[in-house]
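Throughout, a chain's letter reflects where its sequence line sits, starting with A, and its residues are numbered from 1. Computed over heavy atoms, backbone and side chain alike; hydrogens, waters and symmetry mates excluded.
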Amino acid sequence: MFRTRFAPSPTGYMHIGNLRTALYAYLLAKKHKGVFILRIEDTDQSRNVPAALAAIYNGLALAGITYDEGPDKDGGKGPYVQSQRLPIYKKYAEELIAKGAAYYCFCQKEDKPEAEDQPAHPDVTRDPCRFLTEAEARARLSGGVIPVVRQRIPEGGSTSFDDHVYGRITIDNSQLDDQVLLKSDGFPTYNFANVVDDHLMEITHVIRGQEYLSSTPKYNLLYQAFGWQIPEYIHLPLILREDGAKLSKRAGDPSFEDLVNMGYLPEAIVNYVALLGWSPGNDREFFTMQDLIEAFDMDRIGKSSAAFSMDKLTWLNGEHIRAMDPAAFHQAARKYYPKDSGLDEEKISRLIQIRVEKLTDIPGMIRFLSELPEYGPELFENQKSKATLASSAEVLRAVIPLLQKLEKWDNESLFAALKDFAAANGYKTGTVMWPIRTSLSGLPASPGGATELADLLGKEETLRRLVIGLQKLES
RNA sequence: GCCCCCAUGGUCUAGAGGUUAGGACACAGCCCUUUCAAGGCUAUAACUCGGGUUCGAGUCCCGAUGGGGGCACCA
């Protein structure tokens, strides 16, 4: 039975790297008919953001990632929030101390130079408290100093593990420091909590970012000290910005929620993110969540970091939009329509679906429908359509009365009538259509051609705009 | 500073010793066409470098260079 987990800390939003980690963990579990678990890593009290839990729930729901066990979905292995598991960590920390694999450290924070203040970190040095005898430790304990618990890294040797992505990794124990397991506030560090929880929650496959690659040996030493089985590891390469810099909220890079607000479909974002670091092994790029579950294979995750390309996301978003059921697209699109246009919104949706790349493009794309833009007569010139100022004026003069008389006002009738007119008068179809389309949109390009716009705008508005166009040509 | 990891067009990637190095995005051109888009076609563009191993290396080994990550009472 595969059991994977997504273990975010509550920061208030879901960044792209997190989304991919969650997605892969979900895909791996679902691919193997296993269980996907949500666990909240809120062990840093100073960093908790109040509404962050909701953000995690919303983000996952939006992405279509559903968990089988989590804070609000008990699976018998909870609680699934680390701040509610403090007694558990305490118990296991004491067990480790009893086994000699950890020790109390009485050094105060101020005793040690701030790591961040140093230009370069020195080699690992052993903590003095490591060498305290049991009696000395007990004496200090009763002296009222609140200690932390540190892991006791073995003196020599090295520790290895196998990662599904990176292969065998070996690190000398001399490179590993006696990291803090239990903080003086009684909370565990990530380094301790992840081991205890992954074991207790029976996680079989640990999926996380590659920033944990070099500390994984420390976790394995912990598993070994407890006599626990070490899980399978899948470390993921980083996602970078297109310029090679790190993706960061601070630098203005959008989070998952930001992208959705920017008009990207969650399913397109999920599809795109799945492909950053993973490849199905063929040329396929369009995937629904169900497709991804079927195709996903952890052994096809790449090792090198990938750059997030907005251009490609935009293209893929367009693919997803075009693939939508017209009714579903209309539902999504109508939120971007003006309230009182009086136009047939479903018709608009049919016209724009194929042309929309992002939902947020819609307002700008259809603004001309409710408000004819200012434009100059030069717009009536178009080489490709063989339209000139003179031909356009001629066409409009002839076509206005023609359309006035037209009984049936729909795309097909309009197109037939105008095409006939062009043929009868020796015009290229485009030469007739161009000035009409231009008058109706006031734009060099529009979603829909002359007759589609005429159909949409209705007879009255169409004629009004054609007259305006003709006036521009005559003045 | 020490340790770990990575390296195919601008970007995402396929490639598991013998390929005209394949696809996608972006870009340019052409076709289609009632403008644009979509679609179709075409073009430009890549194995970081140096040594090995091998009949043969993008693929294996070593080194260099470049990039990234880690070395917190953060995760």
Side-chain angles (χ1 to χ4, degrees), chain A residues 7-9 11 41-44 46-47 105 107-109 112 114-116 118-124 148-150 163 165-167 169-172 174-177 179-185 187-191 193-194 208-217 235 237-238 240 242 244 246 272 275-285 300 302-316 318 322 351-357 365 382 384-385 387 411 414-415 418-419 422 429-434 436-438 441 443-453:
Chain A
S9 49
T11 56
E41 309 232 333
D42 59 346
T43 56
D44 185 354
S46 64
R47 283 209 196 182
C105 169
C107 300
Q108 297 301 295
K109 279 182 203 171
K112 304 204 169 194
E114 273 295 323
E116 289 171 21
Q118 302 198 332
H121 292 284
D123 289 345
V124 173
V148 300
V149 174
R150 283 184 188 277
D163 184 89
V165 173
Y166 290 98
I169 308 281
T170 301
I171 292 181
D172 283 342
S174 64
Q175 292 298 321
L176 272 23
D177 62 341
Q179 63 184 347
V180 169
L181 265 24
L182 219 52
K183 304 183 246 183
S184 52
D185 63 4
F187 278 68
T189 59
Y190 168 85
N191 302 311
N194 93 82
R208 52 162 66 129
Q210 67 142 63
E211 61 268 29
Y212 295 103
L213 212 47
S214 37
S215 38
T216 297
H235 285 92
L238 256 45
L240 306 173
E242 212 158 6
K246 260 198 292 189
Y272 178 66
L275 259 16
L276 282 177
W278 171 80
S279 156
N282 53 42
D283 291 340
R284 184 166 180 199
E285 299 199 281
R300 294 200 57 87
K303 298 175 205 266
S304 46
S305 42
F308 187 96
S309 163
M310 215 46 131
D311 276 345
K312 187 137 189 184
L313 201 218
T314 301
W315 165 76
L316 195 54
R322 277 168 240 132
L351 233 36
I352 66 172
Q353 178 166 8
I354 200 173
R355 298 166 229 258
V356 171
E357 287 197 299
M365 191 177 274
N382 183 267
K384 214 183 113 187
S385 302
N411 186 42
L414 284 158
F415 187 72
L418 290 168
K419 188 151 185 156
T429 310
T431 312
V432 172
M433 298 299 187
W434 182 261
I436 300 173
R437 202 209 107 279
T438 301
S441 64
L443 298 169
S446 56
T451 63
E452 289 163 315
L453 296 185

Nucleotide N/O to protein N/O under 3.5 Å, stretch nucleotides 59-66 of chain B:
none

Which residues pass the side-chain contact (heavy atoms from CB on, under 4.5 Å) test with [X], sequence neighbours left out?
X	answer
Asp311(A)	Ser309(A)
Leu351(A)	Glu452(A), Leu456(A)
Arg355(A)	Met365(A), Pro447(A)
Ala387(A)	Asn382(A), Ser385(A), Ser391(A), Ser392(A), Trp434(A)

[X]: which residues meet the salt bridge (Lys or Arg N to Asp or Glu O under 4.0 Å) condition with it, sequence neighbours left out?
X	value
Glu285(A)	Lys312(A)
Lys183(A)	none
Asp44(A)	Arg47(A)
Arg300(A)	none

Could you pull out the protein-nucleic contacts involving nucleotides 3-5 of chain B (nitrogen or oxygen on both sides, under 3.5 Å)?
residue : atom : partner   : partner atom : Å
C3(B)   : O4'  : Gln175(A) : OE1          : 3.0

Nucleotide forming a Watson-Crick or wobble pair with A38(B), both distances under 3.5 Å: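 A38(B) is unpaired by these criteria.
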
If a protein heavy atom is under 4.0 Å from the base, mark B; if only from the sugar-phosphate, S; if neither, -; do that for nucleotides 26-35 of chain B going 5' to 3'. S------BBB

Taking only residues two or more places apart in sequence or in another chain, which ones pass side chain to side chain donor-acceptor pair (under 3.5 Å) with Ser279(A)?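 Ser279(A): no side chain to side chain donor-acceptor pair (under 3.5 Å) contacts found.
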
On the nucleotide C12(B), are OP1 or OP2 found under 4.0 Å from the side-chain N or O atoms that Arg284(A) carries?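 Result: no.
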
Side-chain N or O of Thr43(A) less than 4.0 angstrom from OP1 or OP2 on A75(B)?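 Yes.
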
Got a donor-acceptor contact below 3.5 angstrom from the Arg437(A) side chain to the Leu443(A) backbone?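 It does hold such a pair.
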
